[in-house]
Amino acid sequence: MKPILFRPQFSVALDTQDPRAMSLLNSWRTAFPDMPLSTGPDFEDWVENAVRLDSALRLAPERLALVDHDGNARYLDGRAVPADQEVQFLGSWSNADNEHRRTGVFASYRYPALSLGDASLAHNYAQSEVFRANAGREIVLCGRREEADDPVDLDIFDVLSAAYARGARRMLIKVKQKYAVFRFIIPSSNPREIEDKLTSENPDFGLALVHLAGRNKMFMVQDFIPMAYEYRVIVFDHEPVAGAGCVEAHTPLDNEAVWDPKVEEVRSSGEVEARPDLAARYAEFAREFVQDYNLERPSAGKYTLDLAISNGRVVVIELNPMRNYGLYAMDFDAVLRAQMK
């Protein structure tokens, strides 16, 4: 049976009479009795971390292991977790203290709930025919060809030129290497004019062109489409297990159901609606999508699935590995139960 690992990033003083919030605080104090409580840099991040810990303490205390800053993992009773033990990981790893540079026991626990195959398949979702059939927009993967022998199938500026020729104007360009997104209006069908405008408006994109020259499928060029009511679904072992609206101000303390109904038509607008009808629609879509995606990619079993409404239909925004994913108002008990099977 896999141990469940948890590593704290920071703690926060929580002054509230909310029973769920107090449960988080009590769980944190149980796990880290010697850690002084202080205001953390981000309250929502702390709540998400504490929710993961609280769920593990309530649902599987005998399996919970804590990882310290030196990379040592121990069960609550003090027993060390063997370095070669297969584990499930809870929490989100911060890069602030350079964990990725650490070695030894800690390295063997980095993202243990996620195989490299899972990460690769989730990151490369744009190559999936199932994703493309449900994206609701034209998407082209391309690279940057500077030399005649560069192994690039499609050059990004030729792709943008062709998009202009078919009538597209507003585009989104995602840089795979850094996962940055650039919004761009194509000025003409001339590749040189396109390059000049894009790099002058986005210096960071110009750097990406230099860094990624000669590499294929580094850029995802997408037609812009309106997206509303963004929603996140957690998929584990080929099953959608929970969902919540992508409302930045929400944490699992705001959760109301396994498929939480609260959404914003315009993200970060602050105008939150309760739409159980929409949550049910997303749940049904997720089950159908995951079934089809499993047939196409049977080894991709763990990922987050972000959905939205565009022109009246449900579309897939993107898939991502289960690394530092935000929970929003997610029912994490449902997620953890799926992970413990």
Side-chain angles (χ1 to χ4, degrees), residues 120-231 246 265-268 285 288-289 292-293 296-297 305-320:
S120 176
L121 287 169
H123 282 321
N124 294 322
Y125 63 85
Q127 299 179 38
S128 160
E129 292 302 321
V130 173
F131 166 77
R132 288 173 176 274
N134 291 278
R137 60 200 186 275
E138 186 76 18
I139 297 175
V140 178
L141 291 171
C142 51
R144 174 62 173 136
R145 182 184 294 110
E146 288 197 332
E147 305 292 340
D149 58 351
D150 281 344
V152 174
D153 296 334
L154 296 170
D155 182 86
I156 182 172
F157 297 111
D158 291 337
V159 169
L160 289 169
S161 177
Y164 185 94
R166 62 176 168 80
R169 295 295 181 268
R170 300 178 66 188
M171 310 296 291
L172 293 179
I173 303 172
K174 185 173 184 180
V175 182
K176 183 177 179 181
Q177 194 75 358
K178 293 186 176 180
Y179 297 93
V181 177
F182 299 90
R183 291 166 175 78
F184 180 62
I185 298 177
I186 311 175
S188 71
S189 62
N190 185 307
R192 173 54 61 185
E193 290 183 18
I194 297 172
E195 180 175 3
D196 289 345
K197 184 174 187 288
L198 182 54
T199 55
S200 64
E201 291 180 352
N202 304 283
D204 289 342
F205 187 79
L207 294 175
L209 287 176
V210 173
H211 180 64
L212 300 175
R215 298 179 62 182
N216 201 27
K217 295 182 172 62
M218 288 291 105
F219 305 107
M220 185 190 303
V221 177
Q222 315 175 49
D223 285 3
F224 174 86
I225 60 173
M227 292 186 182
Y229 301 113
E230 295 183 27
Y231 200 84
C246 297
E265 182 174 7
V266 178
R267 187 163 180 169
S268 300
F285 177 91
E288 294 175 356
F289 176 89
D292 292 341
Y293 195 69
E296 182 187 38
R297 297 185 167 187
L305 174 64
D306 287 352
L307 308 175
I309 300 294
S310 181
N311 298 317
R313 62 173 287 196
V314 179
V315 299
V316 181
I317 302 173
E318 62 185 5
L319 284 70
N320 281 298

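Since this is a predicted model, take the numbers as computed values, not measurements. FYI, the numbering just counts along the sequence from 1.
- The shortest side-chain heavy-atom distance between Q127 and R297 falls under the 4.5 Å cut-off.
- Here the side chains of V130 and F289 are in contact, with some heavy-atom distance below 4.5 Å.
- A cation-pi geometry, defined here as NZ or CZ lying under 6.0 Å from the six-membered ring centre and within 45° of its normal, holds between R169 and Y164.
- Side chains of N124 and K176: a donor-acceptor N/O pair is present below 3.5 angstrom, by distance only.
- Of all heavy-atom pairs spanning G136 and I225, the tightest one is O-CD1, 3.6 Å.
- In this structure the side chain of N134 never reaches within 4.5 angstrom of the side chain of V315, judged on heavy atoms.
- Between the side chain of R313 and the main chain of N311, no donor-acceptor pair closer than 3.5 Å is present.
- Ion pair R144/D150 not flagged as a salt bridge, since none of the NZ, NE, NH1 or NH2 atoms sits closer than 4.0 Å to an Asp/Glu carboxylate oxygen.
- Minimum heavy-atom separation, I194 to S189: CD1-C, 4.3 Å.
- Put simply, the side chain of T199 never gets that close to the backbone of G206: no donor and acceptor are under 3.5 Å apart.
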Exercise for review: Please report the C-alpha distance between L141 and F219 in whole Å, then the side-chain angles of each, then the deciding distance to 0.1 Å, and finally whether the side chain to side chain contact (heavy atoms under 4.5 Å, CB included) criterion is met.
Suggested key: CA-CA 6 Å; L141 291 171; F219 305 107; over 6 Å; no
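- Of the inter-residue distances, the one linking D292 atom CG with F131 atom CZ reads 14.5 Å to the nearest 0.5 angstrom.
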Practice item. Evaluate the side chain to side chain contact (heavy atoms under 4.5 Å, CB included) criterion for residues E138 and R166: first the C-alpha distance (whole Å), next the side-chain angles of each, then the deciding distance (0.1 Å), finally the verdict. Key: CA-CA 11 Å; E138 186 76 18; R166 62 176 168 80; 3.4 Å; yes
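- With hydrogens and angles disregarded, a donor-acceptor distance shorter than 3.5 Å links the side chain of S310 to the backbone of P226.
- Rounding to the nearest 0.5 Å gives a distance of 8.5 Å between CG of N216 and SG of C142.
- In this structure, R215 contributes its side chain and V152 its backbone to no donor-acceptor pair below 3.5 Å.
- Between E318 and K174 there is a salt bridge, with a side-chain nitrogen of the basic residue lying less than 4.0 Å from a carboxylate oxygen of the acidic one.
- Taken to the nearest 0.5 Å, the CG atom of L209 stands 6.5 Å off from the CD1 atom of I156.
- When each of E195, E193, E201 is checked for a salt bridge (charged side-chain N to carboxylate O under 4.0 Å, His left out) with K197, only E201 meets the rule.
- In this structure, Y231 OH and L307 CG are separated by 9.0 Å, a value rounded to the nearest 0.5 Å.
- Inter-residue side-chain proximity for F184 and L172 is flagged as unmet; no heavy-atom pair is nearer than 4.5 Å.
- E265 contributes atom CD, which lies 10.5 Å from atom CD1 of I309 (distance to the nearest 0.5 angstrom).
- For the pair I139 and M220, the tightest heavy-atom approach, listed with the atom from each and the gap, is CG2-CG, 3.5 Å.
- Not a single donor-acceptor pair under 3.5 Å links the side chain of D158 to the backbone N or O of D155.
- In this structure, F157 and F205 have perpendicular ring planes: the angle between them is above 60°, well past the 30° mark.
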Check your understanding: Can you check side chain to side chain contact (heavy atoms under 4.5 Å, CB included) on L154 and V221, steps first, answer last?
Key -> CA-CA 11 Å; L154 296 170; V221 177; over 6 Å; no
Practice item. Starting from the C-alpha separation in whole Å, work towards a yes-or-no answer on side chain to side chain contact (heavy atoms under 4.5 Å, CB included) for D223 and M171. Key: CA-CA 5 Å; D223 285 3; M171 310 296 291; 3.3 Å; yes
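- For the atom pair OG (S161) and CD1 (I186), the distance works out to 8.5 Å, reported to the nearest 0.5 Å.
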